[in-house]
Chemist: 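Below is the structure I would like to discuss, written out as structure tokens.
All chains are named by letter (A, B, ...) in the order of the sequence lines, taking the proteins before the strands, and each is independently numbered beginning at 1.
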Amino acid sequence: MGSDSLYQAIWAVVATVPPGWVTTYGEVARRLERCGSRQVGYALSALEAGSDIPWHRVVNRLGEISPRSQGDDHHQRERLEEEGVLFDGRGRIDLERYRWELGWESGRGERR
DNA sequence: AGATTGACTGCAT
DNA sequence: CATGCAGCCAATC
């Protein structure tokens with residue numbers, strides 16, 4: 001795996017997050033180790049539009065959409081709401097409820 | 001090779 | 001809980 005690009009590794013982890021759940025940059029970075037949280041965001045920024053990677057399921061540690069340069073933050077929120085993720089009045093997600101801990105493996109789909 | 005930047009995080013205030 | 005500052009890591013200039 002080490003021979004693959006760091007981006008590939010990050011995208012692979014992000015792809016493991018099931019719909020209706022979210023994760024943070026820090027979680028992905030820590031799970032991969034070898035890279036800081038910024039690299040995760042950096043990798044997603046390099047991601048091309050229309051990619052198969054559910055980049056919208058990755059939010060910052062506050063459970064909110066990180067302000068990016070493009071301004072597609074509104075777009076991401078819409079996408080998450082579509083998957084059943086609810087936002088609070090400040091546009092934040094309840095991480096205690098939607099946070100997907102990496103390593104859980106899909107199939108449980110409980111804890112809702 | 002050195003400085004700057006960026007979709008971040010943790011701790012202090 | 002919001003704001004500010006420092007630490008971190010890789011890509012880019």
Chemist: Side chains of A:His56 and A:Glu83: do they bring a donor and an acceptor to under 3.5 Å?
Modeler: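 Judged by distance alone, the side chains do pair up.
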
Chemist: Below 4.0 angstrom from OP1 or OP2 of C:dA2, is there any side-chain N or O of A:Arg92?
Modeler: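 Checking C:dA2 against A:Arg92, a side-chain N or O does come within under 4.0 Å of OP1 or OP2.
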
Chemist: To the nearest Å, give me how far apart CG (A:Leu32) and C1' (C:dA10) are.
Modeler: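 For the pair A:Leu32 CG and C:dA10 C1', the rounded distance is 13 Å.
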
Chemist: Among all residues two or more places apart in sequence or in another chain, which pass the side-chain hydrogen bond (donor to acceptor under 3.5 Å, both in side chains) test with A:Gln76?
Modeler: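 For A:Gln76 the side-chain hydrogen bond (donor to acceptor under 3.5 Å, both in side chains) partners, ignoring immediate neighbours, are A:Arg68.
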
Chemist: Taking only residues two or more places apart in sequence, or in another chain, which ones meet A:Leu62 in a side-chain contact (heavy atoms from CB on, under 4.5 Å)?
Modeler: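 side-chain contact (heavy atoms from CB on, under 4.5 Å) check on A:Leu62 returns A:Asn60, A:Arg92.
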
Chemist: Please identify each residue that fulfils side-chain hydrogen bond (donor to acceptor under 3.5 Å, both in side chains) with A:Asp88, with sequence neighbours left out.
Modeler: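 A:Arg90.
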
Chemist: So A:Leu6, base contact, sugar-phosphate only, or nothing? Heavy-atom distance under 4.0 Å.
Modeler: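 Contact class for A:Leu6: sugar-phosphate only.
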
Chemist: Kindly write out the residues that satisfy side-chain contact (heavy atoms from CB on, under 4.5 Å) with A:Thr24, not counting sequence neighbours, or none if the list is empty.
Modeler: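 With sequence neighbours excluded, A:Thr24 shows a side-chain contact (heavy atoms from CB on, under 4.5 Å) to A:Glu27, A:Leu95, A:Arg99, given in chain and number order.
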
Chemist: Reckon A:Ser66 touches a base, only the sugar-phosphate, or nothing at all at heavy-atom distances under 4.0 Å?
Modeler: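 Sugar-phosphate, no base atom in range.
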
Chemist: Going 5' to 3' along DNA chain B, between which two nucleotides do contacts with chain A fall, using a heavy-atom cut-off of 4.0 Å?
Modeler: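 The contacted stretch runs from B:dG6 to B:dC11.
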
Chemist: Rounded to the nearest Å, what distance is computed from the CD1 atom of residue A:Ile10 to the P atom of nucleotide C:dC8?
Modeler: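 After rounding, the reported distance stands at 19 Å.
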
Chemist: I'd like to check the side-chain contact (heavy atoms from CB on, under 4.5 Å) partners of A:Ser45; sequence neighbours left out, ordered by chain and number.
Modeler: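 Applying side-chain contact (heavy atoms from CB on, under 4.5 Å) to A:Ser45 gives A:Tyr42.
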
Chemist: Using whole Å, report how far CZ of A:Arg38 lies from P of C:dA10.
Modeler: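 Answer to the nearest Å: 13 Å.
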
